[in-house]
Amino acid sequence: MSLTSTTRNQMPRQTRSRRIKDWLLYVAIAVLIVISVWMFAMHQARTGGSPNLPLKWLGFAGMTAIVFGYAIRACRQSWGKQKFWALLGLFFAVHSGLGVFVLLRVPVVPLVLYAVLTGIEYVVLAAYLGFFLDSDE
């Protein structure tokens, strides 16, 4: 089921131009966030900022928020299904467990790595949810 089709509650159809505008807005917000974090990291490096500042953990938290926020938004039609939340919770547990395991063992994580991994992880999460949620119908 597509988010743009009319549902039983007569949700209005979202036009193609509106979807494009929304997508461009999301991209612009993501770019601004990445640029802001990058500028802050560059400032910290130039000024010899606090070595105790947990940038790798902040990056992981931001990555988690982006991946799961977009997934939850994209699966709006599944919000009422308990299976959706269970699958999302399982993926979150695996994501968090692996993230903590890796971050405890590496001293520094480059920002560009978060940018690459965020896109990859979102695609994996979308495929995972699509596979298991579509098997119901």
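Linking ILVMFWY residues whenever their side-chain heavy atoms come closer than 4.5 Å, directly or via other members, leaves Val123 and Val34 in distinct clusters. Both Leu111 and Met42 are part of a single hydrophobic cluster, where members link through side-chain heavy atoms under 4.5 Å apart. A single hydrophobic cluster is not seen to contain both Leu32 and Leu25; linkage of ILVMFWY side chains at heavy-atom distances under 4.5 Å, directly or through other members, places them apart. Note: the hydrophobic cluster containing Leu90 also contains Phe131 (ILVMFWY, side chain heavy atoms under 4.5 Å, direct or indirect links). Leu113 and Leu103 fall within a single hydrophobic cluster, where Ile, Leu, Val, Met, Phe, Trp and Tyr are joined by side-chain heavy atoms under 4.5 Å apart, directly or via other members.
In this pair, Tyr26 and Tyr70 present their aromatic rings perpendicular. The plane angle is above 60°, beyond the 30 to 60° band. A tilted orientation is assigned to the rings of Phe91 and Tyr128, their planes being inclined by 30° to 60°.
Counting heavy atoms from C-beta outward, Val112 and Trp38 have side chains that stay 4.5 Å or more apart. Two residues are said to be in side-chain contact when any heavy atoms from C-beta on lie closer than 4.5 Å; Phe132 and Phe84 fail this criterion. Inter-residue side-chain proximity for Met63 and Val109 is flagged as unmet; no heavy-atom pair is nearer than 4.5 Å. Here the side chains of Phe60 and His95 are in contact, with some heavy-atom distance below 4.5 Å.
The number of heavy-atom neighbours closer than 6.0 Å to CH2 of Trp23, taken from other residues, nucleotides and ligands shown, is 12 or below.
Judged by distance alone, the side chain of Thr15 and the main-chain N or O of Arg18 form a donor-acceptor pair under 3.5 Å. Put simply, the side chain of Lys56 gets close to the backbone of Val106: a donor and an acceptor are under 3.5 Å apart.
Atom CG of Asp22 is separated from atom CZ of Arg73 by 6.0 Å, given to the nearest 0.5 angstrom. To the nearest 0.5 angstrom, Leu88 atom CG is 5.5 Å from Phe68 atom CZ.
Closest approach of Ala74 to Gln77, counting heavy atoms only: O-OE1, 3.6 Å.
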